[in-house]
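Written below as structure tokens is the structure these notes are about.
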Protein chains: 2
Amino acid sequence: MPVRNRKESGTAERVLDIAERLMQIRGFNNFSYADIATELGITKASLHYHYPGKAELGQALITRYTRRFSEALADIDRDAPDARAKLEAYVDLYAGVLRNERMCMCGILAAEYPTLPDAMQSEVIGFFDENQRWLAELLKAGDADGTLKFTGRPEDVAQGILSTLEGAMLVARPYGDLARFAAAAGQLMAGLTT
Amino acid sequence: MPVRNRKESGTAERVLDIAERLMQIRGFNNFSYADIATELGITKASLHYHYPGKAELGQALITRYTRRFSEALADIDRDAPDARAKLEAYVDLYAGVLRNERMCMCGILAAEYPTLPDAMQSEVIGFFDENQRWLAELLKAGDADGTLKFTGRPEDVAQGILSTLEGAMLVARPYGDLARFAAAAGQLMAGLTT
DNA sequence: GTCTATAGGCAGATAGAC
DNA sequence: GTCTATCTGCCTATAGAC
């Protein structure tokens with residue numbers, strides 16, 4: 001591991017930035033070390049110093065993505081006034097990804113799932129699990145504070161919310177149409193108000 | 001083009017059968033002519049006689065898939081007694097795909113969308129368009145016959161239904177868990193009853 | 001940390017015999 | 001229609017100099 005200062009944006013981190021964008025657009029199997037090297041202005045061989053293999057790079061990408069996502073959830077928990085506002089902020093997290101013309105990293109990896117290295121598969125599952133846990137707690141809070149209405153187990157509804165948002169991103173992207181995502185998201189929110 | 005009898009399962013058709021399964025599991029960029037050739041027991045070179053390039057093969061796969069899907073929709077229109085029953089049959093189409101441990105072909109292609117040949121991109125869009133058209137008509141019928149309740153434009157709700165089902169398949173597959181899909185689908189149906 | 005050079009494999013594709 | 005043989009290109013990865 002290269003030694004780095006705390007706040008510095010070292011090469012290893014810049015590699016992740018570039019690879020992250022490529023992976024969220026093309027998926028894990030459709031970008032190469034050459035793509036990253038060209039964009040970063042170093043050689044392919046140098047990349048192997050920071051990430052010995054593509055599997056390690058892929059794992060590092062999911063780990064950082066999941067950590068940042070967790071931090072965003074913590075921010076929402078801190079800032080939003082009630083459960084409904086938290087859910088709106090959560091939906092907006094997804095919209096933000098699409099606005100950058102990207103797909104949710106774990107959504108695109110779910111499509112490639114059977115072709116992924118084992119370690120990456122586990123991390124994808126972990127991402128979904130964490131999201132569903134957070135959403136289930138949110139739903140319980142929304143039931144308690146009266147800002148969210150639903151029937152059935154919170155865990156099942158949480159699965160449904162995650163599925164709907166991932167699917168809305170997936171289908172919206174070929175159309176390049178934010179409104180398509182917004183329509184599905186609006187419908188989702190409406191269903192939790194009734 | 002090879003000459004074939006009407007009902008015969010010629011080599012070209014068997015190639016599609018094998019490639020279809022591979023594509024619905026791994027996606028377009030993650031199977032090779034070698035995979036098909038090995039499974040079929042012929043050489044890679046022979047495949048090029050039936051489909052000159054991978055782009056042509058990919059296009060043929062979507063075309064056949066979309067045609068069969070359309071036929072299934074026509075069957076539903078003919079057999080199901082009311083709009084709600086039709087929607088249930090539609091959801092069961094998706095569940096059937098997942099039961100075979102596959103993903104919707106166009107769902108998985110949506111994830112790879114930016115990397116696909118132009119002709120394939122158009123066909124993916126066409127598949128989604130046709131599904132949404134059919135669903136929108138279904139919703140209007142359900143509104144008329146009273147078996148489906150919803151608010152908003154039928155076109156938007158149709159988008160939401162398609163997104164939810166695609167997303168439910170996408171997220172359920174890493175878990176290998178049919179129940180996960182069923183939960184999301186059940187929630188979807190419940191939302192159209194209220 | 002980054003480089004040059006190269007290995008070794010697999011991809012899609014083509015020529016031409018049968 | 002299917003074969004053998006081959007091509008070219010890209011991929012991940014490694015060795016070793018600087």
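Each chain gets a letter, A, B and so on, in the order the sequences are listed, and its residues count up from 1.
Considering only side-chain N and O atoms, A:Thr11 lies under 4.0 angstrom from the phosphate OP1 or OP2 of C:dT2. Between B:Thr43 and D:dT2 there is no side-chain N or O to OP1 or OP2 distance below 4.0 Å.
Regarding B:Tyr49, its OH atom lies at a distance of 21 Å from the P atom of C:dG12, rounded to whole Å. A straight line from CG of B:Asn29 to C1' of C:dC10 spans 15 Å, rounded to a whole angstrom. Rounded to an integer number of Å, the gap from B:Ile36 CD1 to C:dA13 P is 11 Å. Summarising the geometry, the separation between CG on A:Leu47 and C1' on C:dC3 is reported as 12 Å, rounded to the nearest angstrom.
Taking a cutoff of 4.0 Å between a charged side-chain nitrogen and a carboxylate oxygen, A:Arg133 and A:Glu155 do not qualify as a salt bridge. Using a 4.0 Å cut-off between a side-chain N of Lys or Arg and a carboxylate O of Asp or Glu, B:Asp17 and B:Arg14 do not qualify as a salt bridge. A salt bridge links A:Arg84 with A:Glu88: the distance from a Lys NZ or Arg NE/NH1/NH2 to an Asp or Glu carboxylate oxygen falls below 4.0 Å. A:Asp35 and A:Arg26 are joined by a salt bridge, as a carboxylate oxygen and a charged side-chain nitrogen come within less than 4.0 angstrom of each other.
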Please list each protein N or O that sits under 3.5 Å from an N or O in nucleotides 16-18 of chain D, with the distance.
none

Tabulate atom names and distances for all N/O pairs under 3.5 angstrom spanning the protein and nucleotides 9-12 of chain D.
residue	atom	partner	partner atom	Å
D:dC11	OP1	A:Ser32	OG	3.2
D:dT12	OP1	A:Lys54	NZ	3.2
D:dT12	OP2	A:Tyr33	N	3.0

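Hydrophobic clustering (side-chain heavy atoms under 4.5 Å, transitive across Ile, Leu, Val, Met, Phe, Trp, Tyr) groups B:Val97 together with B:Leu178.
At most 12 heavy atoms of other shown residues, nucleotides or ligands fall within 6.0 angstrom of atom CD in A:Glu101.
Classification of the B:Tyr90-B:Trp134 ring pair by plane angle, with boundaries at 30° and 60°, yields parallel.
In this view, A:Thr63 and A:Glu123 satisfy the side-chain hydrogen bond (donor to acceptor under 3.5 Å, both in side chains) rule, not counting sequence neighbours.
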